[in-house]
Amino acid sequence: LISWTSLIAVLAQNGHLDQAKQFMEKMPQPNLVSCNTLLAAFSSSGRVTEAKEGFNSVPERDMASWSSMLTAYTHNGRLEEAKGLFDEMPSRSLVSWTSMMLVYGQNGHLDYAKSVFDSMPERDLVAWTSMLAALVHNSRFDDARLLFDSMPQKDLIAWTTMLLGYIQGGLIFEGKALFDSMPERNATAWNCMLGVYAQKGHLANATKIFQGIPAQDQGLISWSAMLAAYCHHGHFEQGFEAFQAMKMVVESPDEVCFTLLLVACSSQGEVYTGRCVFTSMSVDYGVVAGKQHYACMVDLLGRSGHLRSARELIGSMPFVED
RNA sequence: GCAUAGGACGCCCG
């Protein structure tokens, strides 16, 4: 029985949700943990309807079942449904309180978030950090700093959240100072710092940060931040050089990387290169063209006078035109 | 003993 459960967990956590679901149906005696595992997997991949079905079919729900269902709503912006579920819960835990606080914060109800935080029966590090994130999300950077300074404990995520607060508030120097004083850093922290320079087009600073990232933390997001730095600021050649370099070390470029390259082509009027990138994306990398990619291509073709090609491309889109 | 629930990072669009 445990092996069925573990199998389902492994499948679900690696994105093989449909297979996990099939095993679940074949399982002789579905138990609470396996139900919850599947529910959690649907929840974190945004499949809310299936999460709900799973939730309804859990025989005796425990805290994990309720919390996973709540997360399915909160992570998908379903504030009303989250509220309803929260009110229905037979008992509430730190986890569910924290989820509610966050969803309020993320939907512009900072006042509610704060009152949840203040009225929570107990608060742990995650609760504090979530409140911090809610403040940052609502651009209350000064309050965020005050809260940060008053936190009983801080871990890497708390530090990174505060860093993000400075960055989003445009306080780059303060952010850099905080970054420099962090007790430890992980990939996310590095990427936040890199991202702000990349976005502002401070290429020298971005490069310096990028080069400082330890190899194990230098992932797809770091590379796309560098790509963005080049592609958004008119450095077409360097963007493509970075793309070549990236392919040597990173898993494989994703749809974001290709959007960036196409944006660069588009702003340079590089029709030929743009067409190559667009084709190569799906043929060589198996990345399915999304709306962003089509939009860039149509823009590129249209503005370079290839109106017929642009119209043909629009006609071939697997989307409704808009 | 083992397996399931809450917090931070990249492009575009909203």
Side-chain angles (χ1 to χ4, degrees), chain A residues 1-10 12-13 20 31-41 43-44 51 54-55 58 61-72 74-75 77 92-103 105-106 120 123-134 136-137 154-165 167-168 185-196 198-199 206 217 219-229 231-232 239 253-264 266 290-296 299 322:
Chain A
L1 284 176
I2 290 189
S3 57
W4 279 87
T5 313
S6 307
L7 178 60
I8 289 173
V10 168
Q13 284 158 8
N31 60 26
L32 186 55
V33 172
S34 58
C35 290
N36 285 346
T37 304
L38 199 60
L39 170 52
S43 157
S44 52
F55 179 71
V58 178
R61 295 163 189 155
D62 67 356
M63 273 318 304
S65 329
W66 285 94
S67 304
S68 297
M69 192 60 230
L70 191 58
T71 304
T74 58
H75 280 193
R92 301 178 182 109
S93 68
L94 194 48
V95 173
S96 49
W97 283 100
T98 306
S99 294
M100 277 319 287
M101 185 178 86
L102 257 188
V103 74
Q106 283 159 354
M120 283 169 73
R123 294 173 203 100
D124 65 0
L125 178 56
V126 176
W128 279 92
T129 310
S130 302
M131 189 63 232
L132 183 65
V136 167
H137 189 90
K154 305 176 175 87
D155 68 357
L156 186 49
I157 298 187
W159 279 90
T160 312
T161 306
M162 190 62 237
L163 174 61
L164 187 71
I167 287 170
Q168 291 188 351
R185 302 182 189 115
N186 65 1
T188 304
W190 283 101
N191 291 337
C192 285
M193 202 60 233
L194 173 58
V196 66
Q199 195 193 342
D217 286 340
L220 189 57
I221 296 192
S222 325
W223 281 96
S224 19
M226 276 315 287
L227 271 186
C231 294
H232 278 174
D254 68 356
E255 70 280 358
V256 172
C257 301
F258 289 104
T259 306
L260 289 164
L261 293 178
L262 290 173
V263 165
S266 181
K291 287 185 184 174
Q292 330 84 283
H293 306 110
Y294 280 99
C296 288
D299 190 56
D322 57 13

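Chain letters run A, B, ... following the sequence lines, proteins first and then strands; every chain starts at 1. This one's a predicted model, so the numbers in the text were calculated from it and none came from an experiment.
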Here the distance between atom P of B:A8 and atom CE of A:M193, to the nearest Å, is 20 Å
Begin from the C-alpha positions of A:N186 and A:D217 and carry the test side chain to side chain donor-acceptor pair (under 3.5 Å) through to its verdict. CA-CA 7 Å; A:N186 65 1; A:D217 286 340; over 6 Å; no
Atom CG of A:D62 and atom C1' of B:G6 are separated, to the nearest Å, by 14 Å
Side-chain contact check for A:C192: nearest option of B:A5, B:G6, B:C9 is B:C9
| Any N or O donor-acceptor pair linking the side chain of A:N36 to the base of B:A3 at under 3.5 Å? | no
Applying a 4.0 Å non-hydrogen cut-off, can you work out what A:H232 is touching in the nucleic acid: base, sugar-phosphate, or nothing? sugar-phosphate
Does A:S130 contact B:G7 through a side-chain donor or acceptor facing the base, at a distance under 3.5 Å?
no
Here the gap from A:N191 atom CG to A:W223 atom CH2, rounded to the nearest 0.5 Å, amounts to 12.5 Å
Exercise for review: Just call it for A:Q168: base, sugar-phosphate, or nothing, with non-hydrogen atoms closer than 4.0 Å on any strand.
Suggested key: nothing
Base, sugar-phosphate, or nothing for A:L94, non-hydrogen atoms under 4.0 angstrom?
base
A:L220 CG to B:C11 P, in whole Å, measures 13 Å
Polar pair under 3.5 Å, donor/acceptor by atom type, side chain A:D254, base B:G10: yes
Check your understanding: Any side-chain N or O of A:H293 less than 4.0 Å from the OP1 or OP2 oxygen of B:C13?
Key -> no
query: Do A:H75 and A:S43 have side-chain atoms, one donor and one acceptor, less than 3.5 Å apart?
result: no
Here the distance between atom C1' of B:G10 and atom CG of A:L164, to the nearest Å, is 12 Å
To the nearest angstrom, the NE2-C1' distance between A:H137 and B:G6 comes to 17 Å
By the 4.0 Å heavy-atom rule, please label A:T37 as base, sugar-phosphate, or nothing. sugar-phosphate
Side-chain contact check for A:L125: nearest option of B:C9, B:U4, B:G7 is B:G7
Check: A:S68 side chain, A:A64 main-chain N or O, donor-acceptor pair, under 3.5 Å
yes
Taking B:A3, B:C11, B:A5 as options, the one with an atom nearest any side-chain atom of A:N31 is B:A3
Checklist entry - Between A:T5 and A:N31, is a side chain to side chain donor-acceptor pair (under 3.5 Å) present by the stated rule, with each step listed? => result CA-CA 8 Å; A:T5 313; A:N31 60 26; 3.3 Å; yes
Just checking A:L260: base, sugar-phosphate only, or nothing, at a heavy-atom cut-off of under 4.0 Å?
sugar-phosphate
Taken to the nearest 0.5 Å, the spacing of A:K291 NZ from A:E255 CD works out to 14.5 Å
* Counting any heavy atom closer than 4.0 Å, what does A:T259 reach on the DNA or RNA strands: base, sugar-phosphate only, or nothing? -> base
Considering only heavy side-chain atoms of A:A9, the closest of B:G6, B:A3, B:A8 is B:A3
From the candidates B:A5, B:G6, B:G10, the one with an atom nearest any side-chain atom of A:D124 is B:G6
When rounded to whole Å, the CG to P distance for the pair A:L39 and B:G6 reads 11 Å
Of B:G6, B:A5, B:G10, the nucleotide closest to the side chain of A:S99 is B:G6
A:L7 CG to B:U4 C1', in whole Å, measures 15 Å
Of B:A3, B:U4, B:A8, the nucleotide closest to the side chain of A:A64 is B:U4
Practice prompt. For A:A127, answer base if it contacts any base atom (sugar-phosphate contacts may also be present), sugar-phosphate if it contacts only those atoms, and nothing otherwise; contact means non-hydrogen atoms under 4.0 Å.
Written response: base
Ranking B:C11, B:A3, B:A5 by distance to the side chain of A:T5, first place goes to B:A3
Between OH of A:Y294 and P of B:C11 the distance, given in whole Å, is 23 Å
| said: Is the shortest side-chain heavy-atom distance between A:M120 and A:T98 below 4.5 Å? | reply: yes
